[in-house]
Chemist: 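Below is a structure I'd like to ask you about.
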2 protein chains.
Amino acid sequence: MAQYQPITEPIRRKIEHELGSECIVTDLKALEIYNRDASELVHSPELVIRPQTVDQIQQLLRLANEHRFPVTPRGAGTGLAGGCLPLLGGVVLSLEAMNRIRCIDSQNLVADVEPGVITKTLRDAVREKGLFYPPDPAGLDKSTIGGNAATNAGGPACVKYGTTKDYVLGLQAVLPDGSLIHTGTKTRKGVVGYDLTHLLIGSEGTLGVITGLTLKLIPHPRAVSGLAAVFEDLQTATHAVTAVMSRGHLPSAIEFMDCRCLTLVGELLPFSIPGQNAALLIVETDGAPDSIRAEIEAIGRICREVGASRILPAPQAEDRDALWHVRRQISLRIHDTSVLYIPEDVAVPLNRIAELVEALPEFEARYNFKIYTFGHAGDGNIHLNITATSRNDLDLVEAGVRAILARVLQMEGTISGEHGVGEAKMRFLPMELSPQSVRLQQSIKRLFDPNLILNPGKIFPDLTPD
Amino acid sequence: MAQYQPITEPIRRKIEHELGSECIVTDLKALEIYNRDASELVHSPELVIRPQTVDQIQQLLRLANEHRFPVTPRGAGTGLAGGCLPLLGGVVLSLEAMNRIRCIDSQNLVADVEPGVITKTLRDAVREKGLFYPPDPAGLDKSTIGGNAATNAGGPACVKYGTTKDYVLGLQAVLPDGSLIHTGTKTRKGVVGYDLTHLLIGSEGTLGVITGLTLKLIPHPRAVSGLAAVFEDLQTATHAVTAVMSRGHLPSAIEFMDCRCLTLVGELLPFSIPGQNAALLIVETDGAPDSIRAEIEAIGRICREVGASRILPAPQAEDRDALWHVRRQISLRIHDTSVLYIPEDVAVPLNRIAELVEALPEFEARYNFKIYTFGHAGDGNIHLNITATSRNDLDLVEAGVRAILARVLQMEGTISGEHGVGEAKMRFLPMELSPQSVRLQQSIKRLFDPNLILNPGKIFPDLTPD
């Protein structure tokens with residue numbers, strides 16, 4: 001483990017002198033939010049900096065190397081893995097104030113933005129110009145584009161549109177040594193040199209601080225339609241998913257919810273739950289109005305053929321909003337009704353979703369927890385919301401989580417589809433990555449950040465400086 | 001520059017002993033093809049190895065480190081930048097014989113393939129299962145999937161579907177030290193650790209030898225339609241491109257050809273060329289039959305509104321095949337009618353395509369060459385086919401190429417949209433990448449390959465070993 005210095009009063013004064021006092025957050029009430037994200041983890045920073053300029057960030061990182069204090073970049077703190085928390089103390093570097101949309105270029109279908117822009121703000125702004133920025137992580141009304149890129153955030157749109165990484169053409173980033181780099185291009189194609197853009201994306205703020213993004217936009221789909229399909233069991237629901245896609249349909253979202261989730265929000269549902277293995281699919285399609293009308297009808301027919309007990313069409317925006325409201329309420333109620341809440345977000349091949357979900361009761365019985373399951377059926381990304389009514393048996397819960405992740409890996413899945421590793425999944429990382437891969441990635445980290453000052457203690461266990 | 005050893009007879013015998021004699025190519029006629037690709041560059045290997053197994057590749061790279069000889073991976077040799085040529089001698093490692101499609105999984109919409117699979121073979125095989133692998137580089141009937149990934153090959157489909165990198169979920173690769181690594185996932189989402197998959201993609205065989213790929217597939221579009229639009233000038237044609245896309249249409253291809261290209265194939269055209277600044281657009285859309293019929297009509301109307309002098313509908317496959325045949329003939333005739341042929345493939349923002357093309361006569365006059373221009377108008381990737389009728393003035397041509405690339409960079413473009421750097425563009429790379437970026441990328445290269453045995457002398461000028 002690297003040796004870090006505390007932010008002493010002289011160091012603090014030096015930071016203030018070089019960066020200016022206006023970017024140092026001193027309001028105690030404001031400071032409280034910076035020790036948490038959307039996980040249950042808590043780590044307090046010694047100092048919070050909210051810069052307005054790239055130059056201030058460069059200065060800060062130079063000082064961090066000189067005085068050996070950690071710097072942890074942070075967007076809106078909506079992550080679920082503790083990735084933006086100052087695990088080893090030091091400075092939290094909040095990018096919130098760098099939140100300008102520099103340009104939305106509707107002729108070239110690109111946007112140039114600062115990292116602190118709220119995802120929904122960008123989506124709304126480009127929508128006004130007839131354009132579409134597809135990535136839609138659950139927290140998009142709070143999360144920032146920079147945070148989305150740092151974690152390669154996903155969402156329901158992935159099945160058709162991919163994740164954040166598929167919409168970043170280029171980055172401006174401050175490297176751990178304080179130097180500024182531009183990666184990628186402003187064009188859709190570009191093959192000059194190594195793909196540093198994608199190396200930074202998903203590196204969870206450990207390789208550089210993203211200070212600007214060139215984003216790819218596409219024409220906004222002219223219309224959206226949707227439906228909900230009720231099934232008596234989840235296996236049939238996932239058969240419907242593969243049947244829909246293998247017959248040439250590519251919906252813009254296919255979400256599922258298991259029976260427990262449905263039971264939690266029973267009074268909101270416009271149907272009665274058909275038995276205790278029931279499952280719901282929400283399907284959306286987008287495109288030209290005529291074709292999506294035909295397409296959603298065809299998808300409804302396929303669902304019926306495969307065995308759906310009921311199809312609820314959702315042609316209007318308000319119908320679909322009601323469905324997504326149900327989905328959001330499930331998350332909130334799971335959180336509110338549990339003493340212990342662990343949000344795992346594994347992904348498995350599509351045809352093994354049912355197999356995994358069917359195996360869960362066995363884990364629940366053995367490890368004494370209860371799992372609510374919903375997720376992105378179109379891309380295999382399943383949110384296993386593991387809950388317990390007491391915190392007494394944390395070791396048992398931990399063993400249970402580990403056992404589930406091991407099963408997921410046996411199924412050729414991954415332990416994290418979109419949340420990232422951060423601190424929360426760090427101890428499980430060696431289950432998925434080979435020692436050879438971990439060593440290589442650690443050496444990349446050391447290459448970028450020999451003093452390990454940028455977001456240290458994350459992703460890789462037992463990393464030591466050069 | 002690293003010091004390399006020649007492949008002496010004892011080293012050759014050692015390679016034969018460890019890898020087996022059957023993978024050593026000795027047929028002199030066969031050997032002749034390995035000193036060329038589709039550029040004008042020529043470099044002869046000392047030895048050509050065509051392995052059947054990953055293990056043989058691992059052995060070869062261990063021997064290369066032990067005896068310090070270069071190893072240059074090669075797919076089908078269809079590249080235009082000399083990326084697969086053994087610039088510094090040593091072994092050419094042909095992946096042609098590792099050409100199995102291991103699995104096409106239509107339930108999970110992925111394919112698992114070896115690197116030597118021909119791109120078209122894969123596209124045809126997944127088509128039979130109702131699936132689609134979109135990347136369509138010009139040489140797809142010869143090029144290999146491994147080569148496509150190593151160069152991040154593009155093509156006309158990029159405007160709607162992206163490039164090769166957007167369809168590689170995971171890789172198996174042998175690193176320069178001979179160790180085997182798996183990157184990425186078999187699922188559409190996955191955020192565990194750094195994105196080594198995209199670091200290897202586009203690295204042109206300098207960071208690892210790709211020995212297996214997990215590819216993302218999508219449902220095959222149910223129908224395709226198209227049209228050709230004739231314009232009296234290129235500026236109007238590119239206005240049509242941005243008008244089409246900003247009104248919500250996302251064609252699956254938008255190609256353009258300038259007047260010189262059209263003149264070359266005049267007798268093949270089903271229209272007369274309207275003046276000496278004329279330009280042709282070929283547009284394709286894919287999707288549901290009804291909607292694409294409506295969409296291609298709408299696109300035709302937009303082209304007319306913007307100023308197309310003629311629209312030639314191409315609803316049937318044979319109509320579109322005829323258009324693509326024209327496009328291919330242009331390439332062949334340019335090549336055949338020139339003594340010197342330099343295929344540049346810059347990309348610029350869409351709304352600057354016309355500006356660049358209009359500037360070309362000035363460069364032609366000054367540097368005494370002739371440029372045929374066609375390309376992917378939907379993504380700004382322009383093939384500048386620079387030709388001359390003699391090789392006497394190579395210095396002047398070189399100066400002209402450099403001047404054009406400088407103009408492209410002023411326009412916020414890139415010097416290579418899809419061909420890659422290889423040897424052909426290496427000397428221009430510092431025009432686009434900052435010294436800081438080059439140093440970082442060189443240090444990544446040294447981290448992966450401290451002895452610089454894998455495809456040395458490429459991409460970065462003046463790289464020295466650790």
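Given the structure is predicted, the values throughout are model-derived calculations rather than measurements. Chain identifiers are assigned alphabetically (A, B, ...) following the order of the sequence lines, protein sequences preceding nucleic acid strands; residue numbering begins at 1 within each chain.
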Chemist: What's the spacing between B/R439 CZ and A/S179 OG if we round to 0.5 Å?
Modeler: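 If we round to the nearest 0.5 Å, B/R439:CZ and A/S179:OG are 8.0 Å apart.
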Chemist: Under a 4.5 Å heavy-atom cut-off, does chain A meet the side chain of B/E412, its backbone, both or neither?
Modeler: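 Backbone plus side chain of B/E412, per the 4.5 Å heavy-atom cut-off to chain A.
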Chemist: Can you find a pair of side-chain heavy atoms, one from B/M411 and one from A/K186, that are under 4.5 Å apart?
Modeler: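 Contact flag for B/M411/A/K186 side chains = no.
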Chemist: Do the non-hydrogen side-chain atoms of B/R188 and A/V159 ever get within less than 4.5 Å of each other?
Modeler: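 Result no, sub-4.5 Å side-chain heavy-atom pair not found.
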Chemist: Are the side chains of B/D379 and A/T187 in contact, using a 4.5 Å heavy-atom criterion?
Modeler: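 In short, these two side chains do not touch, never coming nearer than 4.5 Å.
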Chemist: Any non-hydrogen side-chain atom of B/T163 less than 4.5 Å from a side-chain atom of A/V191?
Modeler: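 When only atoms from C-beta onward are counted, A/V191 and B/T163 do not touch, as no gap falls below 4.5 Å.
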Chemist: Could you look at B/A288 and say if it's the side chain, the backbone, both or neither that has a heavy atom under 4.5 Å from chain A?
Modeler: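 Answer is side chain: those atoms of B/A288 sit under 4.5 Å from chain A.
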Chemist: Looking only at heavy atoms and a cut-off of under 4.5 Å, which of B/D290, B/I459, B/N381 has the most pairs with chain A?
Modeler: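 Sorted descending by pairs with chain A, the first entry is B/N381.
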Chemist: Distance from B/S291 atom OG to A/E295 atom CD, nearest 0.5 Å?
Modeler: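 If we round to the nearest 0.5 Å, B/S291:OG and A/E295:CD are 8.5 Å apart.
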Chemist: Drop me the distance from A/I181's CD1 to B/S437's OG, to the nearest 0.5 angstrom.
Modeler: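 It is 4.0 Å, given to the nearest 0.5 Å.
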Chemist: Count the heavy-atom pairs under 4.5 Å between each of B/H220, B/K160, B/H376 and chain A, then report the option with the highest count.
Modeler: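 Answer, by heavy-atom pair count under 4.5 Å with chain A: B/H376.
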Chemist: Could you grab the distance from atom CD1 of B/I415 to atom OG1 of A/T185, nearest 0.5 Å is fine?
Modeler: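 It is 12.0 Å, given to the nearest 0.5 Å.
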Chemist: For each of B/G378, B/S203, B/G202, B/G162, tally heavy-atom pairs with chain A at distances under 4.5 Å, and name the one with the top tally.
Modeler: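 When all of B/G378, B/S203, B/G202, B/G162 are compared, B/S203 has the most.
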Chemist: With a 4.5 angstrom heavy-atom cut-off, which part of B/F428 approaches chain A: side chain, backbone, both or neither?
Modeler: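 Contact with chain A is absent: no heavy atom of B/F428 under 4.5 Å.
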Chemist: Would you say the side chain of A/L429 lies within less than 4.5 Å of the side chain of B/V192, judging by non-hydrogen atoms?
Modeler: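 Sidechains of A/L429 and B/V192: in contact.
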Chemist: In terms of heavy-atom proximity below 4.5 Å to chain B, should A/I444 be classed as side chain, backbone, both, or neither?
Modeler: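 It is both, since atoms from each part get that close.
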Chemist: Answer with yes or no after comparing the ring centroid distance for B/Y194 and A/F448 against a 6.0 Å cut-off, counting only values under it.
Modeler: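 No - the distance between ring centres of B/Y194 and A/F448 does not fall below the 6.0 Å cut-off.
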Chemist: Rounded at 0.5 Å granularity, tell me how far OG1 in A/T197 sits from CG in B/L199.
Modeler: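 Reported value, rounded in 0.5 Å steps: 11.0 Å.
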Chemist: Just give me the residue among B/H419, B/K216, B/R222 that pairs up with chain A most often, heavy atom to heavy atom, under 4.5 Å.
Modeler: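 Option with the top pair count is B/R222.
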Chemist: Taking every heavy-atom pair that is under 4.5 Å apart, which of B/G155, B/G154, B/P221, B/A294 has the most such pairs with chain A?
Modeler: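 Looking at each of B/G155, B/G154, B/P221, B/A294 in turn, B/G155 comes out on top.
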Chemist: Taking salt bridge (Lys or Arg N to Asp or Glu O under 4.0 Å) as the test, write out the residues that go with B/D345, two or more places apart.
Modeler: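 Listed in chain order: B/K425.
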Chemist: Can you say whether B/L180 sits under 4.5 Å from chain A via the side chain, the backbone, both, or neither, judging by heavy atoms?
Modeler: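 B/L180 touches chain A through backbone heavy atoms alone.
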Chemist: Contact part of B/V110 toward chain A, heavy-atom cut-off under 4.5 Å: side chain, backbone, both or neither?
Modeler: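 Looking at B/V110, nothing touches chain A.
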Chemist: Verify side chain to side chain contact (heavy atoms under 4.5 Å, CB included) between A/K165 and B/D195, making sure each step is shown before the conclusion.
Modeler: CA-CA 10 Å; A/K165 74 172 191 305; B/D195 189 348; 4.2 Å; yes
Chemist: Take B/L109 and A/M245 through the test side chain to side chain contact (heavy atoms under 4.5 Å, CB included) and record every step on the way to the result.
Modeler: CA-CA 8 Å; B/L109 292 90; A/M245 295 178 68; 4.1 Å; yes
Chemist: Under the rule for ring pair (Phe, Tyr, Trp, His ring centres under 6.0 Å), what residues qualify as partners of B/H198, not counting sequence neighbours?
Modeler: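 By the ring pair (Phe, Tyr, Trp, His ring centres under 6.0 Å) rule, B/H198 matches A/H198.
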Chemist: B/L196 versus chain A, heavy atoms under 4.5 Å apart: side chain, backbone, both or neither?
Modeler: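 Looking at B/L196, just its side chain touches chain A.
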Chemist: Which one, B/P349, B/S434, B/A243, leads in non-hydrogen pairs under 4.5 Å with chain A?
Modeler: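 If we count pairs closer than 4.5 Å to chain A, B/P349 comes out on top.
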Chemist: Which atoms of A/F132 are under 4.5 Å from chain B, going by heavy atoms: the side chain, the backbone, both sets, or neither?
Modeler: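 When you check distances to chain B, no heavy atom of A/F132 falls under 4.5 Å.
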Chemist: Using a 4.5 Å cut-off on heavy atoms from C-beta on, say whether the side chain of A/Q436 contacts that of B/H182.
Modeler: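 Result no, sub-4.5 Å side-chain heavy-atom pair not found.
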Chemist: Could you state the interatomic distance from OG1 (A/T242) to CG (B/N108), rounded to the nearest 0.5 Å?
Modeler: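 Here the interatomic distance stands at 8.5 Å.
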